[in-house]
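Step one of this worksheet: look at the structure below.
Chain identifiers are assigned alphabetically (A, B, ...) following the order of the sequence lines, protein sequences preceding nucleic acid strands; residue numbering begins at 1 within each chain.
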Amino acid sequence: MGGVVSLSNTRKTAGTTSGVEEENTSCCKKMSCNASVIRVHVPPEGQLQRAPVHLLPCEIEHSGSAQVSQYFTATTKDRKCEKTVSFRGRELKGQEISCPQGYTGLVLKETNKPGSDQEDRTVKVSSVFDKLTYWNLETPPNSDDMIVMAMDWPELADAIHGPVQD
Amino acid sequence: MDLSPFEKDNSVSCRLASQIPDVCKMEDCCLGIDEAGRGPVLGPMVYGICFCPVSKKEELKSSKVADSKTLTEAERENLFQKLDEANSYVGWALQILSPNTISTSMLQRTKYNLNALSHDTAIGLVQYALDSGVQLKEVYVDTVGPAEKYEQKLSHIFPGINVTVRPKADSLFPIVSAASICAKVARDRVVKGWNFAEELGDVETDYGSGYPNDPKTKAWLLKYLDPVFGYPQFVRFSWSTAQTLMDSKAVAVHWDDDEEDGEKTAQRQGNKSMLSYFGASAGGNEQNHQTHRFFTERRLKSLSTL
């Protein structure tokens, strides 16, 4: 098994980019890849901040802070069956979805990027989320959307790989 | 003119209208159509119709309505006041196309250009007058595009109505001037009192004319450019002025329907382009197993590193 990240042994986690499974309970988790090691630093439960998360249907060539609440949240409209907003003059339609049951979303931040891929890396959990808003370009949100379908995996994985009960 | 229905949500298109004078439901009427704020990079575009009985044309003429562009703002407000006082026989309706509507329409996946948007808006307003019971016999339209084709289109949609489409119709027909005044007054008021939905604190309102070549407008666009979001919804993102500024001063944003070189896209996404398969090392690193459709359809990948 490749990646291993978790908050505690009772709660599973879904990473921000893909799902990862639970294993141990210590405060620093390791993920090994080739020779280097990735450490995930998890602050104590009480210090974890919840953050609103948006998944946009475009690639923004920017890593860093943005005035999300001033520009984006402030102009988001709650319509009948969907949320609407526009970004860079393009219409987005979206909805809020929850993380699969028992999972928590993590926003990971790497403060010191290593110079080479041989070095160990440390990433920190900067905030957590149990729901997120995903946005489609012009298309109303529906159950066929990729992210909605992706959330099926944990349950299916459990059915396939989970312990067999008599 | 009560703008509050638009001000409640200035991100969408909104129709405002006067009462329909009873006489307009009984007598044959003429109707004029004009627009205000087509060119500016800031604020809404407003379409206006104005109508009155054909028998009252002369009366309208004597009120000296003229092309709104040749009037000062105060003169326009004054004339609008006069039109409002003539509400026993003059009616009007406006369609305010918010800058956000303009941006999202023009930048839509299946592009909806400004001409088509304009035509549809004008048609919608004429239909509104008909649906309200106005006895339309003559329609006069100001146009920027080819007049003849537009005239044919409108005549076809509204059989039995005599449609006249002319460039500069606002200086030829008083009823078009009246429509032009209504539209321009609404546009000016909306721009002046623009309520920014974004939380930007006190926004400087010295926008200038809103036309791209106005130095004040340019300065404002430079000042209120956000590297990630670009602009507040007050700005028409589909205008090349806004696009050019964002291209040079904001971060790049890529959409899946961008018309971009495939090779470039592939490079950016760290994918291999088609061409790379013709290179020397082709076939050297085959994948040893194929991922099941269940995962590719959900863009799920097993994670071995971050």
Quiz item: Are side-chain heavy atoms of A:Tyr71 and B:Tyr231 found at a separation under 4.5 Å?
Solution: no
Quiz item: Using non-hydrogen atoms only, which part of A:Glu110 is less than 4.5 Å away from chain B: side chain, backbone, both, or neither?
Solution: neither
Quiz prompt | Residue pair B:Asp226 / A:Gln67, side-chain heavy-atom distance below 4.5 Å | solution = yes
Quiz item: Going from CG on B:Leu300 to CE on A:Met151, what distance comes out if it is rounded to the nearest 0.5 angstrom?
Solution: 9.0 Å
Self-check item: Under-4.0 Å salt bridge between B:Arg298 and A:Asp145
Solution: no
Quiz item: Which bit of A:Leu156 comes within less than 4.5 Å of chain B, counting heavy atoms only: side chain, backbone, both or neither?
Solution: side chain
Self-check item: Side-chain donor or acceptor of A:Arg88 paired with backbone N/O of B:Phe237 under 3.5 Å
Solution: no
Exercise. State whether the number of non-hydrogen atoms from other residues, nucleotides or ligands found under 6.0 Å of A:Glu155 atom CD is greater than 12.
Key: no
Quiz item: Counting heavy-atom pairs under 4.5 Å to chain A, which of B:Gln243, B:Met106, B:Gln108 comes out on top?
Solution: B:Gln108
Practice problem: Check each atom of A:Glu91 against the heavy atoms of chain B and say whether the ones under 4.5 Å are side chain, backbone, both or neither. | Solution: both
Self-check item: Check against salt bridge (charged side-chain N to carboxylate O under 4.0 Å, His left out), A:Arg79 and B:Asp9
Solution: CA-CA 12 Å; A:Arg79 311 258 187 241; B:Asp9 181 357; 3.6 Å; yes
Practice problem: Could you look at A:Val68 and say if it's the side chain, the backbone, both or neither that has a heavy atom under 4.5 Å from chain B? | Solution: both
Quiz item: Does CD in A:Gln49 sit with more than 12 non-hydrogen atoms of other residues, nucleotides or ligands closer than 6.0 Å?
Solution: no
Quiz item: For A:Ala74, does its backbone N or O pair with a side-chain atom of B:Glu199 as donor and acceptor, under 3.5 Å?
Solution: no
Quiz item: Which of the residues A:Gly64, A:Ser86, A:Ser69 is involved in the greatest number of heavy-atom pairs with chain B at under 4.5 angstrom?
Solution: A:Ser86
Quiz item: Quick one: of B:Ile102, B:Val235, B:Thr104, who has the most non-hydrogen atom pairs under 4.5 Å with chain A?
Solution: B:Thr104
Exercise. Determine whether A:Gln70 and B:Glu198 make a side-chain contact, defined as any pair of heavy atoms from C-beta on separated by less than 4.5 Å.
Key: no
Practice problem: Mind checking the CZ-CG spacing from B:Phe294 to A:Asp152? Nearest 0.5 Å is all I need. | Solution: 5.5 Å
Exercise. Decide yes or no for B:Pro227 and A:His62: does some side-chain heavy atom of the first lie under 4.5 Å from some side-chain heavy atom of the second?
Key: no
Quiz item: Taking all atoms of both residues into account, what is the closest heavy-atom pair of A:Cys58 and B:Trp255, and its distance?
Solution: CB-CE3, 3.5 Å
